[in-house]
Amino acid sequence: GAYPLRPSLWLHDRANEPRARVATLSAKRDPTARVAVASDLRWQRMTALRSLRSTDDARLIASDIRRLSLGDVRLDEDLRAYSRWRSGGRADLVVEPRDRESVSRLLSYFYVQGIPWAVVGEGSNLFFDDAGVRIPLVQIGAKLSGVQIEDNRVGAEAGAWAPGVALTAMRAGLGGIEHTIGIPGT
């Protein structure tokens, strides 16, 4: 029979542009036979990706990331803690970079090693599969949530809470982003 594909996450390239949608492929309803696949956005073809095949893979990658001091590393994380909807199984590896330089170095590491990855924020709009996630998740949150006002320009890091950015702009006498006040995410 057919192998059902269920979209799960977006993968990004080194420039953090969305490149591929990750899906799980269930072979004959055997949960141990799940693999990650991605549809390339440029050529619309299916490409097999190297996913974490075992907890040993996750541990080796975690060891490298710790050695490189790229941020907080967590293994075998409950994804319900990363979704306000409290959904999902387990993530093999979650990394929370310390700063922008750490993000750049982490993504370079993944690129050089050929490891697919996905970015998550604070989880206000995430639903995770109960089967879990077998690729590293890069969590962009409070450590990367700075907001700066310079003249009539607003600069916000990826982890900044959208309503907070709008409030900061309003307090500085700037407008035009009021519509973001109702967006719950980062």
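Along the sequence shown, residues are numbered consecutively beginning with 1. Keep in mind that the numbers below use all heavy atoms, side chains included, and drop hydrogens, waters and symmetry copies. Every value quoted in this text rests on a predicted model; they were computed, and no experiment measured them.
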Taking every heavy atom of S102 against every heavy atom of P97, the minimum-distance pair comes out as CB-CB, 4.0 Å

Are the side chains of F110 and V138 in contact, using a 4.5 Å heavy-atom criterion?
yes

Same cluster or not: V165 versus I183, using hydrophobic residues (I, L, V, M, F, W, Y) connected whenever any side-chain heavy atoms lie under 4.5 Å apart?
no

Run the side-chain contact (heavy atoms from CB on, under 4.5 Å) check on L68 and R105 step by step: do they pass?
CA-CA 9 Å; L68 296 168; R105 291 178 55 217; 4.0 Å; yes

Interatomic distance, CD@E77 vs CD@Q139, rounded to 0.5 Å, equals 9.0 Å

Can you get from I61 to V119 by hopping between Ile, Leu, Val, Met, Phe, Trp and Tyr side chains that sit under 4.5 Å apart?
yes

So, taking the atom named CG in L167 and the one named CZ in R171, what distance separates them when rounded to the nearest 0.5 Å?
5.0 Å

Side-chain heavy atoms under 4.5 angstrom apart, residues restricted to Ile, Leu, Val, Met, Phe, Trp, Tyr: same cluster for Y109 and W117?
yes

N/O donor-acceptor pair under 3.5 Å between R90 side chain and D76 backbone:
yes

With a 4.5 Å cut-off on side-chain heavy atoms, are V94 and Y82 touching?
yes

dist S87:OG -> D130:CG (nearest 0.5 Å) comes out at 7.5 Å

Got a donor-acceptor contact below 3.5 angstrom from the R86 side chain to the L79 backbone?
no

At what distance, to the nearest 0.5 angstrom, does CG of D92 lie from CZ of R134?
4.0 Å

Checking R84 side chain against A81 main chain: does a donor-acceptor pair fall under 3.5 Å?
no

d(K143 NZ, D99 CG) to nearest 0.5 Å is 9.5 Å

Nearest heavy-atom pair of S145 and G159: which atoms, and what distance?
CB-O, 3.4 Å

Distance (rounded to the nearest 0.5 Å) between I65 CD1 and L60 CG
11.0 Å

Look at D151 together with R153 and state whether they make a salt bridge at an N to O cut-off of under 4.0 Å.
no

Note: L144 and I140 closest approach over all heavy atoms is CD1-CD1, 3.7 Å

Check for a donor-acceptor pair, side chain of T180 on one end and backbone N or O of P163 on the other, with a separation under 3.5 Å.
no

What about M170 and W161, same hydrophobic cluster or not, with Ile/Leu/Val/Met/Phe/Trp/Tyr joined at side-chain heavy-atom distances under 4.5 Å?
no

Between L106 and I115, is there a shared hydrophobic cluster once you connect ILVMFWY residues whose side-chain heavy atoms come closer than 4.5 Å?
yes

Using atom types as modelled and distance alone, determine if a side-chain donor or acceptor of E178 lies under 3.5 Å from a backbone N or O of G176.
yes

Can a donor-acceptor pair be found, under 3.5 Å and without considering hydrogens, that links the side chain of S63 to the backbone of R59?
no

Identify, with sequence neighbours excluded, every residue that meets side chain to side chain contact (heavy atoms under 4.5 Å, CB included) alongside A62.
R66, V73, L75, L93

Between D78 and G89, which heavy-atom pair has the shortest distance, and what is it?
OD1-O, 3.6 Å

